Amino acid sequence: MVARYVMSIDQGTTSTRCILFDHSGRLVSVAQREHRQYFPQPGWVEHDAVEIWRNLQRVVPEALSHAGVDAQQIAAIGIANQRETTVLWDRRTGAPLGKAIVWQDTRTAPLVDDLRNRPGDEFFLERCCLPPSTYFSAPRIRWLFDHVDGLEQRARDGEVLFGTMESWLIWNLTGGTAGGLHITDATNASRTMLINMRTLTWDGELMEFFGVPRRMLPEIRPSAECYGEARSVLPGIRITAALGDQQAALFGQTCFSPGEAKCTYGTGSFLLMNTGSEVVRSRHGLLTTVAYKIAEQPAVYALEGPIAVTGSLVQWFRDRLGLINSAPEIETLARTVEDNGGCYIVPAFSGLFAPHWRSDARGVIVGLTSYITKGHLARAVLEATGWQTREVVDAMNADSALALKQLKVDGGMTSDNLLMQFLADVLDVPVVRPLVAETVSLGAAYAAGLAAGYWSDMEVLRRNWHRAAQWLPAMDPERREREYECWQRAVERSLGWIQPPRRS
């Protein structure tokens, strides 16, 4: 019998990867290509959607070749994507109408400030369960309409299509201008500020408010079901799943029960907790999002706490301060001291995300004395990730009756054992790392394989999950709370920062 595999396409912020997984969830082959980052103005971040599509066309045959696998051995394709990144393209020609605006882009900040004043947060929270933020897609569409002549009218005339990256790739894979599917899944739709979070349909009041015509929006589909067959790259192979990258990681970590949570530690970090079929509206600075929707089953929701700066703080320590030569060295340097020496770093380089959502916050280092060495600073850098995670977990516990019992972790920073132990200490729960580190890609593969019948049910996926490492809490509770109070005072300094007047 010829072995079959599931293909996962992970279209991320810096690269596009194609990974093949076998029935045990084992990574068989991987191919990856980076794409260029465009920074045309301060705060602007853009990608070339055509370059990303071309990279996909390259990595798929590379992954097949590395594994010695024929395309007909692929049972299904699943796609994970950078979520809020916004692409507009011409329905007739298939050409993007300018660069894609990336989720990190903050050009919509003045518009978002106006939205907070009129009509105010409550208008949006009642409908899409999201506060106004530069993070989401709808303000970007409105910005493009306001700054590109004739674009809004073209959209109203049905000439313009909108999508996040999975929509763009699926449209091209299924035929593009020759009948390509214009669809999105519920997880990505939930990040637009245009969806009714309870009905999972485009919301008329939100569309009217932002001036976004229904004709440009994709059809909302479940995260796992058969969308159609590819006509390009992998002709005849079914595309059966799409999820935003962080929801894919939650799925790949098999967090299928309410209260189960994962955190992905990368440049920034994203903590998601499964809240079941209930829409839990956050009162403590978190985001309500769709976790996944399997075919006709009820949608599963999650609370999310995005943290803007975690791994990038280590990069800053390396590249800007020059105190280490490589990122892994920070653990070695931090272990030269027993504690942080009373030094705390709040890395609000461009404001703070959850649970504060303050774009005016700025980074601070507090507790500096002549006693502090670069070892103490290294430890404070790592501990900043732990304390920011603690803030998000406290908010989740306050929002939900589902107190965190364990945190599953993934991402590049999880190779730092000192940081993982610190997380267990400050959260007072076990921290566990899975054997398969590629949880985003694995989650997209799992969803695709479920929809295609490659895996029979979610219990099979649970049995595929294996623990690679575990860290248990060991810190004295009084010390933990005392140090957390110090961190919170440091955050107050960050939030109270006032920009000095510029010299003329």
Side-chain angles (χ1 to χ4, degrees), residues 261-263 265 269 271 273 284-286 305 307 309-311 313-314 317 323-324 329-348 352 354-356 361 363-399 402-409 411 413-433 469-496:
K262 72 88 195 176
C263 193
Y265 289 97
S269 295
L271 201 158
M273 174 188 278
H284 296 85
L286 303 177
I307 303 169
V309 177
T310 51
L313 180 60
V314 176
F317 192 76
L323 295 175
I324 53 175
E329 289 180 26
I330 195 165
E331 180 179 5
T332 303
L333 182 57
R335 288 187 182 278
T336 63
V337 295
E338 294 184 357
D339 54 37
N340 63 15
C343 179
Y344 296 83
I345 298 176
V346 181
L352 290 172
H356 305 285
V364 297
I365 302 176
V366 300
L368 284 177
T369 66
S370 58
Y371 171 74
I372 297 299
T373 67
K374 61 182 180 180
H376 295 107
L377 289 174
R379 201 166 188 112
V381 164
L382 294 180
E383 291 183 356
T385 292
W387 294 125
Q388 289 183 103
T389 304
R390 167 71 185 270
E391 286 188 306
V392 169
V393 168
D394 281 358
M396 283 189 174
N397 289 339
D399 273 333
L402 306 167
L404 185 72
K405 299 290 196 300
Q406 172 185 266
L407 182 65
K408 293 182 175 180
V409 297
M413 294 186 79
T414 61
S415 62
D416 191 312
N417 293 305
L418 179 63
L419 172 59
M420 295 300 101
Q421 181 60 57
F422 186 73
L423 279 171
D425 288 340
V426 301
L427 300 180
D428 197 29
V429 298
V431 171
V432 293
R433 185 177 66 207
Q470 176 175 255
W471 295 266
L472 300 176
M475 184 181 287
D476 174 72
E478 289 187 8
R479 175 190 167 191
R480 178 177 63 241
E481 298 310 309
R482 184 172 62 250
E483 292 195 17
Y484 189 38
E485 283 185 24
C486 293
W487 164 262
Q488 290 174 315
R489 288 199 294 271
V491 171
E492 290 173 2
R493 299 276 188 91
S494 172
L495 297 174

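Just so it is clear, the values below take in all heavy atoms, side chains as well, and ignore hydrogens, waters and symmetry mates. Sequence positions, counted from 1, serve as the residue numbers for this chain. Quick caveat: nothing in here was measured; it's all calculated off a predicted structure.
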Trainee: Check Leu407, Val409, Ile307 against Leu271 for a side-chain contact (heavy atoms from CB on, under 4.5 Å) and give me the one that passes.
Mentor: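 Among Leu407, Val409, Ile307, the one meeting side-chain contact (heavy atoms from CB on, under 4.5 Å) with Leu271 is Leu407.
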Trainee: Could you tell me which non-hydrogen atom of Gly305 sits nearest to which non-hydrogen atom of Ala354, and how far apart they are?
Mentor: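 Residues Gly305 and Ala354, closest heavy atoms: CA-CB, 3.8 Å.
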Trainee: Which residue pairs pass the side chain to side chain donor-acceptor pair (under 3.5 Å) test with at least one member in residues 417-426, sequence neighbours excluded?
Mentor: Gln421-Asp425
Trainee: Return all side-chain donor-acceptor pairs below 3.5 angstrom for residues 484-493, not counting sequence neighbours, or 'none' if the list is empty.
Mentor:
residue	atom	partner	partner atom	Å
Tyr484	OH	Asp394	OD2	3.1

Trainee: Does the side-chain contact (heavy atoms from CB on, under 4.5 Å) test come out yes or no for Val431 and Lys408, once each step is laid out?
Mentor: CA-CA 6 Å; Val431 171; Lys408 293 182 175 180; over 6 Å; no
Trainee: Identify the heavy atoms of Glu391 and Pro355 that sit nearest to each other, and give their distance.
Mentor: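 Looks like CB-CD, 4.0 Å.
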Trainee: Which heavy atom of Met475 sits nearest to which heavy atom of Phe422, and what is that distance?
Mentor: CE-CE1, 4.0 Å
Trainee: With the side chain counted from C-beta on, respond yes when Ile330 and Phe317 share a heavy-atom pair under 4.5 Å apart, and no when they do not.
Mentor: yes
Trainee: Go through the steps to decide whether Glu483 and Arg390 satisfy the test salt bridge (charged side-chain N to carboxylate O under 4.0 Å, His left out), and finish with yes or no.
Mentor: CA-CA 12 Å; Glu483 292 195 17; Arg390 167 71 185 270; over 6 Å; no
Trainee: Which pair of non-hydrogen atoms, one from Leu352 and one from His356, has the smallest distance, and what is that distance?
Mentor: CD1-CD2, 3.9 Å
Trainee: Under the side-chain contact (heavy atoms from CB on, under 4.5 Å) rule, what do Val429 and Lys405 come out as? Steps first, then yes or no, please.
Mentor: CA-CA 6 Å; Val429 298; Lys405 299 290 196 300; 5.8 Å; no
Trainee: Of Thr414, Thr389, Thr385, which meets side chain to side chain donor-acceptor pair (under 3.5 Å) against Tyr265?
Mentor: Thr389
Trainee: If every non-hydrogen atom of Gly375 is compared with every non-hydrogen atom of Thr336, which pair is closest and at what distance?
Mentor: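 Closest pair (atom of Gly375, atom of Thr336, distance): CA-OG1, 3.8 Å.
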Trainee: Please tabulate, for side-chain N and O atoms in residues 340-347, each donor-acceptor pair with protein atoms closer than 3.5 Å (sequence neighbours left out).
Mentor:
residue	atom	partner	partner atom	Å
Asn340	OD1	Gly342	N	2.8
Asn340	ND2	Cys343	O	3.2
Asn340	ND2	Glu383	OE1	2.9

Trainee: In the structure I gave you, are the side-chain heavy atoms of Pro430 and Gln470 within less than 4.5 Å of one another anywhere?
Mentor: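 The answer is yes; the side chains approach within 4.5 Å.
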Trainee: Test Leu419 against Glu331 for side-chain contact (heavy atoms from CB on, under 4.5 Å), laying out the working first.
Mentor: CA-CA 8 Å; Leu419 172 59; Glu331 180 179 5; over 6 Å; no
Trainee: Return the minimal non-hydrogen interatomic distance between Arg379 and Val337, and the atom names on each side.
Mentor: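 For Arg379 and Val337, the tightest heavy-atom pair comes out as NH1-O, 3.0 Å.
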Trainee: CG of Leu382 to CZ of Arg335: how many Å apart, nearest 0.5 Å?
Mentor: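 If we round to the nearest 0.5 Å, Leu382:CG and Arg335:CZ are 9.5 Å apart.
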Trainee: Run Met396 and Leu404 through side-chain contact (heavy atoms from CB on, under 4.5 Å) and show every step you take.
Mentor: CA-CA 8 Å; Met396 283 189 174; Leu404 185 72; over 6 Å; no
Trainee: For a quick check under 3.5 Å, do Thr310 and Ser269 share a side-chain donor-acceptor pair by atom type?
Mentor: yes
Trainee: Rounded at 0.5 Å granularity, tell me how far CE in Met273 sits from SG in Cys263.
Mentor: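 Between Met273 CE and Cys263 SG, I get 11.5 Å after rounding to 0.5 Å.
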Trainee: Return the CG to OG1 distance between Leu333 and Thr373, rounded to the nearest 0.5 Å.
Mentor: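 The distance works out to 7.0 Å.
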